[in-house]
Number of protein chains: 2
Amino acid sequence: MTETLMTIRQMCDTFNVTPRTLRFYEAKELLFPIREGQKRLFTRRDRGRLKLILRGKRFGFSLEEIRQLLDLYHADDQQTTQLAKTCEIGELRLRAMQAQRAELDDAIADLKKQLEWGSAKLASLRAQNVAA
Amino acid sequence: MTETLMTIRQMCDTFNVTPRTLRFYEAKELLFPIREGQKRLFTRRDRGRLKLILRGKRFGFSLEEIRQLLDLYHADDQQTTQLAKTCEIGELRLRAMQAQRAELDDAIADLKKQLEWGSAKLASLRAQNVAA
DNA sequence: AGCACACATGACGTTAACGTAAACGAAACG
DNA sequence: CGTTTCGTTTACGTTAACGTCATGTGTGCT
């Protein structure tokens with residue numbers, strides 16, 4: 001069975017982050033480990049959130065933005081109004097991401113073209129070198 | 001005719017950036033405006049580079065990474081070895097971008113799913129409210 | 001008891017990408 | 001000629017996301 005509670009070290013090993021990072025996320029209210037005396041114990045919920053945090057970061061979302069998204073992902077107990085608001089945020093974020101994907105596609109195409117040009121140029125330069 | 005040289009203010013208005021930004025980019029050797037006395041005058045080449053800089057930034061590329069890409073984009077006068085190196089950087093960057101695109105697609109799919117779930121939940125909540 | 005070890009809490013340091021303020025030169029305008 | 005208007009340099013301030021001590025505490029071995 002996957003232990004239901006994990007120490008800070010187990011978390012670090014599992015997700016490859018430092019203790020400092022986990023404490024920082026707690027301070028920023030992204031995680032809510034329970035306390036056993038002085039020590040932190042991370043729940044299954046915390047692990048779920050951390051997974052999403054790390055993915056969010058890979059796209060350059062700020063921690064603050066991620067916090068808003070997390071609210072959306074855990075909206076089970078929210079009131080209607082609150083849920084509506086978080087959905088709205090999610091829609092905005094979705095559009096932003098789609099726009100970003102479009103731009104990314106553009107940039108990829110551009111870069112590809114440049115690389116082809118570069119290869120061609122390289123080929124011609126090498127040909128010259130051989131000739132000389 | 002598009003003026004071949006632009007003042008810092010014209011640049012700012014055209015690209016929606018601050019003078020500080022342009023001076024900063026010059027200090028970082030991303031732009032090379034010529035000097036008329038004390039003042040900067042930006043060339044067509046600077047405008048091209050700035051456009052690419054701004055696009056790069058939208059993907060979270062650091063200015064340093066962007067500088068390397070710019071070298072690739074303006075490699076006409078490079079030596080073979082240098083060109084080969086910049087091409088290599090470009091290839092790496094391309095793979096990174098493609099990977100990022102894949103992750104972005106994943107995240108978009110996830111978010112879409114969550115939003116559908118949210119809408120459904122909202123609908124059922126509203127139905128309850130009407131019933132009550 | 002003595003000691004290592006895991007964890008905790010400050011609090012200051014770091015990097016990137018500018019913002020912002022001070023202090024000055026040149027030019028254009030009334 | 002005085003003063004806005006642009007522009008310049010120098011330099012310190014700022015935010016995000018942690019890193020890196022310094023210092024303190026509770027726990028389990030031996």
Side-chain angles (χ1 to χ4, degrees), chain A residues 3-43 46-47 49-71 93 96 100, chain B residues 3-43 46-47 49-71 89 93 96 100 103:
Chain A
E3 308 286 331
T4 191
L5 293 180
M6 289 175 64
T7 74
I8 201 170
R9 184 105 305 273
Q10 292 175 313
M11 288 291 282
C12 291
D13 295 347
T14 305
F15 294 96
N16 199 35
V17 295
T18 70
R20 179 71 177 91
T21 300
L22 294 178
R23 297 192 192 105
F24 182 75
Y25 289 169
E26 183 187 6
K28 290 282 175 153
E29 301 191 75
L30 289 161
L31 299 178
F32 310 95
I34 57 181
R35 295 305 180 103
E36 186 189 70
Q38 170 112 299
K39 304 188 172 175
R40 292 169 175 79
L41 289 179
F42 295 82
T43 69
D46 288 317
R47 292 194 288 282
R49 293 176 72 97
L50 181 52
K51 217 168 144 183
L52 292 172
I53 292 170
L54 296 179
R55 188 168 69 189
K57 288 206 11 153
R58 287 203 300 276
F59 300 113
F61 289 131
S62 75
L63 289 185
E64 177 52 28
E65 290 173 316
I66 291 173
R67 207 177 53 70
Q68 297 182 19
L69 277 178
L70 282 175
D71 289 347
R93 185 63 31 218
Q100 186 178 348
Chain B
E3 307 288 330
T4 190
L5 294 178
M6 290 175 64
T7 74
I8 201 169
R9 185 103 307 272
Q10 292 175 313
M11 288 290 283
C12 292
D13 294 347
T14 306
F15 294 96
N16 199 35
V17 296
T18 71
R20 179 70 178 89
T21 299
L22 294 178
R23 297 193 192 106
F24 183 75
Y25 289 169
E26 183 187 7
K28 290 280 175 157
E29 301 190 75
L30 290 160
L31 299 177
F32 310 94
I34 58 182
R35 294 304 181 103
E36 187 188 72
Q38 169 111 302
K39 305 189 174 176
R40 294 168 176 80
L41 288 180
F42 295 83
T43 70
D46 289 317
R47 292 194 287 280
R49 294 177 71 97
L50 182 52
K51 216 169 146 184
L52 291 173
I53 293 170
L54 296 179
R55 188 168 69 189
K57 289 207 9 155
R58 286 203 299 274
F59 300 113
F61 289 132
S62 75
L63 289 185
E64 177 52 27
E65 289 173 316
I66 290 172
R67 206 178 51 72
Q68 297 182 19
L69 278 177
L70 283 175
D71 290 345
I89 296 178
R93 187 61 32 216
Q100 186 180 347
E103 286 189 48

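Everything numeric here is computed off the predicted structure, so don't read it as measured data.
- Scanning DNA chain C 5' to 3' for nucleotides with an atom closer than 4.0 angstrom to a non-hydrogen atom of chain B gives a first and last hit of C:dA17 to C:dT20.
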message: Working note: B:Glu65 + B:Arg93, criterion salt bridge (charged side-chain N to carboxylate O under 4.0 Å, His left out); need CA distance, chi angles, decisive distance, verdict.
response: CA-CA 9 Å; B:Glu65 289 173 316; B:Arg93 187 61 32 216; 2.8 Å; yes
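- For D:dA11, the OP1/OP2 oxygens have no side-chain nitrogen or oxygen of B:Arg23 closer than 4.0 Å.
- A:Ile53 and A:Ile66 get closest at one heavy-atom pair: O-CD1, 3.5 Å.
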field: Audit row: B:Ile8, B:Arg23, side chain to side chain contact (heavy atoms under 4.5 Å, CB included) steps and yes/no
entry: CA-CA 9 Å; B:Ile8 201 169; B:Arg23 297 193 192 106; 3.9 Å; yes
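- In this structure the side chain of B:Phe61 never reaches within 4.5 angstrom of the side chain of B:Arg55, judged on heavy atoms.
- The separation between B:Arg9 atom CZ and D:dT5 atom P is 13 Å, rounded to whole Å.
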field: Working for side chain to side chain contact (heavy atoms under 4.5 Å, CB included), residues A:Leu22 and A:Leu50
entry: CA-CA 9 Å; A:Leu22 294 178; A:Leu50 181 52; 3.8 Å; yes
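- Of all non-hydrogen atoms in B:Phe42 and B:Leu31, the two that sit nearest each other are CE2-CD1, 4.2 Å.
- Comparing B:Phe61 and B:Arg20 against DNA chain C, the residue whose closest nucleotide sits nearer the 5' end is B:Phe61.
- A distance-only check finds no donor-acceptor pair linking the side chain of B:Asp13 to the backbone of B:Gln10 [under 3.5 Å].
- Rounded to an integer number of Å, the gap from CD1 of B:Ile34 to C1' of D:dT8 is 17 Å.
- When the shell of 6.0 Å around CD of B:Glu64 is examined, it contains more than 12 heavy atoms from other residues, nucleotides or ligands.
- Residue contacts shown for A:Lys57 are limited to sugar-phosphate atoms, with no base heavy atom under 4.0 Å away.
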message: Run the side chain to side chain contact (heavy atoms under 4.5 Å, CB included) test on B:Phe24 and B:Leu63 for me, step by step, so that the C-alpha distance in whole Å, both residues' side-chain angles and the decisive distance to 0.1 Å come before the verdict.
response: CA-CA 11 Å; B:Phe24 183 75; B:Leu63 289 185; 3.5 Å; yes
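- Heavy-atom distances to DNA chain C give each of B:Glu64 and B:Gln38 a nearest nucleotide, and the one nearer the 5′ end belongs to B:Glu64.
- Within the helix from C:dA1-D:dT30 to C:dG30-D:dC1, the inter-axis angle between the opening and closing five-pair segments is 20°, rounded to 10°.
- Rounded to a whole Å, the CD atom of B:Glu36 is 13 Å from the C1' atom of D:dC6.
- Between B:Thr7 and D:dC6 there is no side-chain N or O to OP1 or OP2 distance below 4.0 Å.
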